[in-house]
Number of protein chains: 2
Amino acid sequence: MESKKLLQLAHAACKERGARLTAVREQVFLLMAENEGAIGAYDLLDKLQKIDPSAKPATVYRALDFLAKQGFVHKIESINSFLLCDHFSDCHHPVQLLICDNCGSVEEIQSNNLDLALRAMADASGFTINHQVVEAHGKCQNC
Amino acid sequence: MESKKLLQLAHAACKERGARLTAVREQVFLLMAENEGAIGAYDLLDKLQKIDPSAKPATVYRALDFLAKQGFVHKIESINSFLLCDHFSDCHHPVQLLICDNCGSVEEIQSNNLDLALRAMADASGFTINHQVVEAHGKCQNC
DNA sequence: TATTAGTCTTTATAAAATATCATAAATGAA
DNA sequence: TTCATTTATGATATTTTATAAAGACTAATA
């Protein structure tokens, strides 16, 4: 079970940072980990409610906020969805995604050049970047 | 009046393409042009309703869809807003934005390197890009 | 003028996200 | 340990953003 391992890593990271990976947050983390690809908050809520019928939208959104702050989860702005991060040890890396509009698959990529190019342009305008949203839409290899 | 000139350019572009810049669309275009920076669909609706009280959400969204298709307007995914495009002569250029989280200003930039870096990464994954969302958040020069 | 493709109006609803306030649990200091 | 503080949760309601569906209208053109 891959997801259990991921959870352990998350627990370790939280312990180090003094962050509290509570029961609800853990549950949401697991659901994200067991889910293939990206998922919307309300679909996640459906899954959560099968375990805890009293869960509400705010329950999910609060858990997702926490997980995103820890870098375990990314929000995909252009499709209002959330994705478990592959490599969440390093918390605030730039996020770059390839989103297939045909099959819905999402691949996270890592391009230093891309990051540098964006920062260079920002610098030129005297702009300081805190957070970047880079989401390419199109057709994946399989489609 | 800058916005009148922009409207003329838009009319010219539409004529060339056989697209119909109707009264509603023209009105929404003008409101966008007169507005400084980005604006949300419902704020835009408020403005539109001062001119045409019968306007509804669908009115605005449809007009925005049209304008976006023509490349006159960009949707900003990460803040659910819309922005008039500076250089809408060339219709489907990549859109790259610097969004100040302090004052709300949005600057559109043009980096060929950025575009190339993104395409290079996509190619490497066998991914074909149709549309890209590049939105950097942070602090602008003035803030 | 009949056709047709596109556009608009209206009503309703869906989807996504947050506000508020009361309660509970964990943490840290006295 | 006890108290105070912070942090998290639960519950209800609402806000914000966006689309669906159905029918009427309009412009272009054949």
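A note on names: the letters A, B, ... follow the listed sequences, proteins ahead of strands, and every chain is numbered from 1.
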Q: Name the closest nucleotide to the A/Ala58 side chain, picking from C/dC8, C/dT18, D/dT17.
A: C/dT18
Q) Out of C/dT18, D/dA18, C/dT7, which has the shortest distance to the side chain of B/Tyr61? A) D/dA18
Without decimals, in angstroms, what is the distance between [X] [atom1] and [N] [atom2]?
X: A/Leu45; N: D/dA11; atom1: CG; atom2: P; value: 13 Å
X: A/Glu77; N: C/dA17; atom1: CD; atom2: C1'; value: 12 Å
X: B/Arg20; N: D/dA28; atom1: CZ; atom2: C1'; value: 8 Å
X: A/Leu21; N: D/dT9; atom1: CG; atom2: P; value: 10 Å
X: A/Leu64; N: C/dA16; atom1: CG; atom2: P; value: 13 Å
X: B/Asp65; N: D/dA18; atom1: CG; atom2: P; value: 10 Å
X: B/Ile76; N: D/dT16; atom1: CD1; atom2: C1'; value: 17 Å
X: B/Asp46; N: D/dT16; atom1: CG; atom2: P; value: 10 Å

Q) Are any of the side-chain nitrogens in B/Glu2 or B/Lys4 under 4.0 Å away from the carboxylate oxygens of its partner? A)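 No salt bridge links B/Glu2 with B/Lys4.
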Does a nitrogen or oxygen in the side chain of [X] sit under 4.0 Å from OP1 or OP2 of [N]?
X: A/Thr22; N: D/dT9; result: yes
X: A/Asn80; N: C/dA17; result: yes
X: B/Arg25; N: C/dT7; result: yes
X: A/Lys56; N: D/dG10; result: no
X: A/Lys75; N: C/dA17; result: yes

Q) Hey, mind stepping through A/Arg119 and A/Asp115 against salt bridge (charged side-chain N to carboxylate O under 4.0 Å, His left out) and telling me if it holds? A) CA-CA 6 Å; A/Arg119 289 188 185 283; A/Asp115 185 43; 3.2 Å; yes
(Q) Judged by each residue's nearest nucleotide on DNA chain D, which is more toward the 5′ side, A/Phe66 or A/Ser54? (A) A/Phe66
Q | side chain to side chain contact (heavy atoms under 4.5 Å, CB included) partner of B/Ile76, chosen from B/Leu97, B/Val95, B/Ile39, B/Val133 | A | B/Leu97
Q) Of the options A/Val24, A/Leu64, A/Leu84, which is the one that meets A/Phe29 in a side chain to side chain contact (heavy atoms under 4.5 Å, CB included)? A)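 Result: among A/Val24, A/Leu64, A/Leu84, A/Leu84 is the only option passing the side chain to side chain contact (heavy atoms under 4.5 Å, CB included) with A/Phe29.
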Q) Under the 3.5 Å rule, do the base of D/dA18 and the side chain of B/Tyr42 count as making a donor-acceptor pair? A)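 Answer is yes: a donor-acceptor pair is held.
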Q: Among residues two or more places apart or on two chains, list those pairs meeting side chain to side chain donor-acceptor pair (under 3.5 Å) that have a residue in residues 134-143 of chain B.
A: B/Ser78-B/Glu135, B/Ser78-B/His137, B/Asp101-B/His137
Q.
Need one value for A/Arg62: base, sugar-phosphate or nothing, where a base atom within 4.0 Å counts as base even if backbone is also close, heavy atoms only.
A.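 Here A/Arg62 touches the bases of the nucleic acid.
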